[in-house]
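Each chain gets a letter, A, B and so on, in the order its sequence line appears, and its residues count up from 1. Both backbone and side-chain heavy atoms feed into the values below; hydrogens, waters and symmetry mates do not.
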Amino acid sequence: MSRLDESLLTPMPPFSRLEKRQIREILDLASVRRFDEGVAVFEEGAPAERFYMLLDGYIRVMRITPTGEQVIALHIPSGQLFGIAQALGRTTYPATSVTASEAIVLGWPMRLWDQFVSQYDGFASETYKTVGQRIGEMNTRIVEMATQQVEQRVANSLLRLINQTGRKVENGIEIDFPVTRQDLSEMTATTLHTVSRLLSAWEKQGVVASRRKRITVTDAHRLVLICRGEAPPSR
DNA sequence: GCATTAAAGCCGC
DNA sequence: GCGGCTTTAATGC
């Protein structure tokens, strides 16, 4: 593996205020790893020995109940730190991180965390900005789960996915990584069957177009109406 | 309105 | 061809 170039980290917010020399130091302390899709980078409850920066791909943050049910808390796009247990005052990881696509990940020993925070300008403030955004999103989701019906929850999840990870294609905006009905059901506390029925109905109305593991939103405006409960029900 | 169960079809490796 | 993914329908709370 050749030496990583400084330009890799320059655009990433936690490092954007640093000089090339400092980024060099940081890169020389990092390990790089490529992960296949669907592989755990770390597991909930494990000692938080390292923290990570996602260089490419997507990470799915999930928790598993004692009965084996999986819940997807959040997706993380490239350019963000994850596994930052120390910033949360924890010595173990609070959730499991699984790759939602192929991914390239930088990792550092957690003992460097405090050093990075004190030594590198902007590292802490950018990190807490990211943490704040994640908490905000989870807050929103709690309210949705408690107050909205399934159709609206699924619509909201789809809108979040295309906003955060959408890629423009000919007929709309496609979610940039593979998503199954099961995945969507784990984001919205419903079953894959209900998600399947909703997607089929929306497809007939021209709101989405989907094939196996790929979902494109073709009419985002209409989806916004659906998530507000302002559109005629699909079922 | 939605979960559960069951059954069968389809797609990609 | 097989397993993972998806659809559809029936039933019940």
Side-chain angles (χ1 to χ4, degrees), chain A residues 33-41 43-44 56-77 95-104 137-162 164-167 169-235:
Chain A
R33 231 182 117 186
R34 195 198 70 86
F35 289 86
D36 283 330
E37 180 192 325
V39 177
V41 179
E43 305 257 0
E44 173 181 351
D56 192 36
Y58 293 93
I59 292 288
R60 177 172 288 152
V61 178
M62 47 199 314
R63 306 202 57 193
I64 304 174
T65 67
T67 54
E69 289 169 292
Q70 306 199 8
V71 178
I72 297 175
L74 174 75
H75 287 94
I76 295 177
T96 298
S97 283
V98 178
T99 53
S101 63
E102 248 188 73
I104 311 287
E137 176 176 333
M138 291 191 279
N139 251 331
T140 303
R141 278 167 33 80
I142 288 173
V143 175
E144 283 175 17
M145 297 281 204
T147 63
Q148 298 186 334
Q149 307 202 132
V150 169
E151 180 170 27
Q152 295 163 31
R153 302 205 299 269
V154 175
N156 269 312
S157 277
L158 275 182
L159 285 171
R160 256 192 299 278
L161 286 172
I162 62 166
Q164 294 170 356
T165 80
R167 192 166 45 84
V169 290
E170 324 78 70
N171 55 339
I173 304 169
E174 183 178 86
I175 298 169
D176 200 25
F177 54 85
V179 189
T180 65
R181 274 66 175 157
Q182 177 76 43
D183 293 332
L184 262 174
S185 72
E186 290 171 5
M187 297 175 216
T188 52
T190 182
T191 63
L192 71 131
H193 312 271
T194 297
V195 171
S196 176
R197 281 189 284 266
L198 284 171
L199 287 180
S200 296
W202 290 341
E203 183 125 26
K204 277 177 198 149
Q205 300 170 216
V207 178
V208 302
S210 74
R211 53 206 158 90
R212 169 179 269 242
K213 288 192 177 190
R214 290 285 165 187
I215 302 175
T216 302
V217 173
T218 49
D219 187 350
H221 289 101
R222 185 152 173 80
L223 202 53
V224 169
L225 294 183
I226 292 170
C227 82
R228 289 184 195 152
E230 288 173 13
S234 302
R235 290 159 296 116

Do A/Thr65 and A/Thr67 have a side chain donor and acceptor closer than 3.5 Å?
yes
Give a yes or no on whether the backbone of A/Gly172 and the side-chain of A/Thr218 come within a donor-acceptor separation of less than 3.5 Å.
no
Looking at CD1 of A/Ile72 and OG of A/Ser185, how far apart are the two atoms once the value is rounded to the nearest 0.5 Å?
7.5 Å
One thing to verify: whether A/Glu144 and A/Arg160 come together as a salt bridge, which I'm taking to mean a side-chain N less than 4.0 angstrom from a carboxylate O.
yes
Partner of A/Asn156 by side chain to side chain donor-acceptor pair (under 3.5 Å), out of A/Gln148, A/Arg228, A/Arg141:
A/Gln148
Is the phosphate of B/dA3, meaning OP1 or OP2, less than 4.0 Å from a side-chain N or O of A/Thr190?
yes
Salt-bridge criterion met for A/Glu174 and A/Arg167 (N-O under 4.0 Å)
yes
Divergence of helical axes at both termini of the helix from B/dG1-C/dC13 to B/dC13-C/dG1 - five pairs an end, 10° steps
20°
Does the protein touch nucleotides 6-13 of chain C at the base, only the backbone, or not at all? Give it as B, S and - per nucleotide, heavy atoms under 4.0 Å.
BBBB----
A/Met187 CE to A/Gln182 CD distance, which is reported to the nearest 0.5 Å:
10.5 Å
To the nearest 0.5 Å, how far apart are CD in A/Gln164 and CG in A/Leu159?
11.0 Å
